[in-house]
Protein chains: 2
Amino acid sequence: MTTADVRMAEVAALIGDPARANILSALMGGQALTAGELVRAAGVSPQTTSGHLAKLADGRLIACIKQGRHRYYRIATPRVAEMLEGIMAVVADAPPRHRPPSKLDEAMRNARTCYDHVAGKLGVALTDALCARGHLVLTREGGEITDSGAAFFERFGVDLAAARHRRRIFCRPCLDWTERRPHLGGTVGAVLAQRCLDLKWLQRMRDSRALLITPAGRQGLSETFGLSL
Amino acid sequence: MTTADVRMAEVAALIGDPARANILSALMGGQALTAGELVRAAGVSPQTTSGHLAKLADGRLIACIKQGRHRYYRIATPRVAEMLEGIMAVVADAPPRHRPPSKLDEAMRNARTCYDHVAGKLGVALTDALCARGHLVLTREGGEITDSGAAFFERFGVDLAAARHRRRIFCRPCLDWTERRPHLGGTVGAVLAQRCLDLKWLQRMRDSRALLITPAGRQGLSETFGLSL
DNA sequence: CTGATATTACGGTCGTGACCGAAGTATTCG
DNA sequence: CGAATACTTCGGTCACGACCGTAATATCAG
């Protein structure tokens with residue numbers, strides 16, 4: 001009908017191919033990945049993957065940086081990441097239909113990145129802990145870091161004040177598609193995740209969005225957030 | 001890769017067909033529409049439209065209510081509506097590419113519904129007016145009705161207190177794809193739009209999401225919000 | 001009941017796009 | 001320089017799905 005509708009169909013069609021969905025999902029891990037790594041994620045041949053990457057880039061869903069003989073691809077904008085989260089959210093509250101619970105998904109369900117913050121059981125648990133301690137107030141519509149929360153993050157080694165001035169949404173709930181409950185997103189979620197990675201509490205798994213909790217992480221998360229994992 | 005990714009591709013593929021995108025876009029008008037009305041929106045034959053409707057319903061993106069010899073279709077859940085808005089938002093800040101500004105879109109650009117609230121020039125102007133008068137505070141991440149705002153809505157004949165207890169997000173910004181600026185969404189946006197329709201200030205156009213500003217509306221919007229339209 | 005409208009089901013055509021093999025460009029390394 | 005790696009372009013095959021014509025079902029009006 002209108003010009004916007006056809007653009008909407010174009011964008012959706014880009015996401016609507018399984019191989020491209022795999023690529024986008026892999027990039028939702030938050031890291032820029034090379035074409036080669038995305039070949040593994042896509043599950044099709046390098047030639048085909050290359051074509052898909054060209055289409056996604058042409059549609060401005062992903063961006064490409066050439067670096068030597070590698071090409072690094074990433075989600076183009078936070079807006080695109082939010083759109084993909086929105087689709088995930090719809091998928092999440094869809095009926096369980098037939099569910100063959102793959103074991104591959106097991107690690108994902110436990111802990112994974114959601115673009116740039118932590119999701120899965122761990123993400124939800126972290127969020128719950130912050131709320132229970134009065135550091136965070138989350139509603140359906142948004143979230144807020146309390147004064148005690150600001151102090152906590154300071155102690156934890158995160159510069160929230162700097163993060164507050166970024167362009168992105170500062171603090172918001174993000175629906176977890178495995179737990180079906182919200183976890184912490186936005187800039188706050190991102191810096192929290194980054195800090196956990198910096199501390200080597202969490203570790204990215206190769207070619208996956210899944211996160212591994214290190215022994216140090218197990219201890220730190222227990223001491224700092226009271227999580228028994 | 002994972003089961004969620006393939007579901008994401010399935011959902012996106014549903015939206016990715018032009019005819020189905022037209023249907024969804026029409027339903028984003030917020031009204032339940034009959035299959036016949038959606039035939040016009042889709043731009044394909046009744047048989048084909050029927051097939052599309054079945055697929056969308058099967059994918060839980062739309063819901064169907066039989067009523068006599070009509071079947072009324074509507075967007076299945078607010079979550080689905082938010083997902084579609086998310087896609088629209090990405091389309092909105094994409095490069096203008098080639099833009100053949102259709103005149104059909106003109107009315108849409110001026111005023112239209114966005115699922116259940118007002119968008120377009122009018123939607124943004126209303127939102128700006130509420131902010132300028134200190135009735136509303138909108139940030140990128142959320143929004144809040146001030147005390148003066150609550151009083152204003154009370155005077156305007158809207159029961160905000162009742163609306164506050166609904167399941168839906170209460171107050172939030174929604175990126176306008178024509179104006180490229182946020183307008184008021186959430187429950188507050190919905191009740192505001194409903195009140196304007198009840199007052200006959202706005203009128204839905206047949207088979208379109210576009211809204212017509214009535215003479216009474218012109219006057220009322222000027223007196224109440226200081227809008228010169 | 002008959003005729004009209006609304007909607008879905010079936011069957012067959014056709015085009016688009018996903019796919020891979022082979023070959024081509026670019027970059028690094030020895 | 002030549003070999004190896006990283007990635008893309010080209011060309012051709014094939015299948016899925018969008019489409020419509022025809023026909024069936026359901027509801028309503030007279």
Side-chain angles (χ1 to χ4, degrees), chain A residues 1 5-27 31-74 206-207, chain B residues 1 5-27 31-74 206-207:
Chain A
M1 219 52 163
D5 298 352
V6 13
R7 285 276 299 140
M8 176 165 87
E10 284 170 11
V11 168
L14 277 178
I15 311 168
D17 175 84
R20 286 193 295 263
N22 285 335
I23 290 170
L24 290 170
S25 180
L27 290 175
Q31 289 183 114
L33 299 174
T34 65
E37 290 169 315
L38 291 171
V39 165
R40 283 192 290 272
V44 292
S45 74
Q47 312 87 299
T48 304
T49 302
S50 177
H52 286 312
L53 289 172
K55 282 180 188 172
L56 288 170
D58 188 56
R60 312 294 177 126
L61 296 189
I62 64 176
C64 178
I65 310 166
K66 282 185 70 169
Q67 215 166 95
R69 59 179 163 180
H70 292 288
R71 294 198 186 190
Y72 282 91
Y73 289 92
R74 60 172 175 82
R206 180 181 166 81
D207 288 334
Chain B
M1 216 54 161
D5 298 353
V6 12
R7 286 277 297 142
M8 176 163 89
E10 283 170 13
V11 168
L14 277 178
I15 311 168
D17 176 83
R20 286 195 294 262
N22 285 335
I23 290 170
L24 290 169
S25 180
L27 289 175
Q31 288 183 116
L33 299 174
T34 66
E37 291 169 314
L38 290 172
V39 164
R40 284 191 289 273
V44 292
S45 73
Q47 311 88 299
T48 303
T49 303
S50 176
H52 286 312
L53 290 173
K55 282 178 189 175
L56 288 171
D58 187 57
R60 314 294 177 124
L61 295 189
I62 64 177
C64 177
I65 309 166
K66 282 185 69 168
Q67 216 166 94
R69 60 177 162 178
H70 291 288
R71 294 198 184 189
Y72 283 89
Y73 289 91
R74 61 174 173 81
R206 180 182 167 79
D207 287 333

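Quick note on labels: first sequence line is chain A, next is B, and so on, each numbered from 1.
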- [ ] Under 4.0 Å between any heavy atoms, over every strand shown, what does Tyr73(B) touch: base, sugar-phosphate, or nothing? Just pick one.
- [x] sugar-phosphate
Task: Residue pair Tyr73(A) / Leu27(A): nearest heavy atoms and the distance that separates them - done: O-CD2, 3.3 Å
Open item on the list: So if I define the base as every atom that isn't primed, P, OP1 or OP2, how would nucleotides 16-30 of chain C read as a B/S/- string at a heavy-atom cutoff under 4.0 Å?
Closed with: --SBBBB----BS--
Task: Among Val44(B), Leu56(B), Val39(B), the one residue meeting side chain to side chain contact (heavy atoms under 4.5 Å, CB included) with Ile23(B) - done: Leu56(B)
TODO: Check side chain to side chain contact (heavy atoms under 4.5 Å, CB included) between Ala12(A) and all other residues, then give those that pass, not counting sequence neighbours.
DONE: Ile15(B)
Task: Ala21(A): partners by side chain to side chain contact (heavy atoms under 4.5 Å, CB included), with sequence neighbours left out - done: Met8(B), Ala9(B)
Task: With sequence neighbours excluded, residues passing side chain to side chain contact (heavy atoms under 4.5 Å, CB included) with Ala26(B) - done: Leu33(B), Leu38(B), Ala41(B)
TODO: Please list, in 5' to 3' order, the outermost nucleotides of DNA chain D lying under 4.0 Å from any heavy atom of chain A.
DONE: dT5(D) to dT9(D)
- [ ] Would you classify Thr34(A) as touching base, sugar-phosphate or nothing, given that sugar-phosphate means primed atoms plus P, OP1 and OP2, and contacts are heavy atoms under 4.0 Å?
- [x] sugar-phosphate
Open item on the list: Quick check: closest heavy atoms across Tyr72(B) and Ala32(B), and the distance to 0.1 Å?
Closed with: CD2-O, 3.8 Å
Task: Summary of side chain to side chain donor-acceptor pair (under 3.5 Å) pairs that have at least one residue in residues 43-56 of chain A, sequence neighbours excluded - done: Arg20(A)-His52(A), Ser45(A)-Gln47(A), Ser45(A)-Thr48(A)
Open item on the list: Show the nearest heavy-atom pair for residues Ala35(A) and Leu53(A), with the distance to one decimal.
Closed with: CB-CD1, 3.9 Å
Open item on the list: How many whole angstroms separate atom CZ of Arg40(B) from atom C1' of dT7(C)?
Closed with: 14 Å
TODO: Send over the distance from Glu37(B) CD to dT5(C) C1', rounded to a whole Å.
DONE: 14 Å
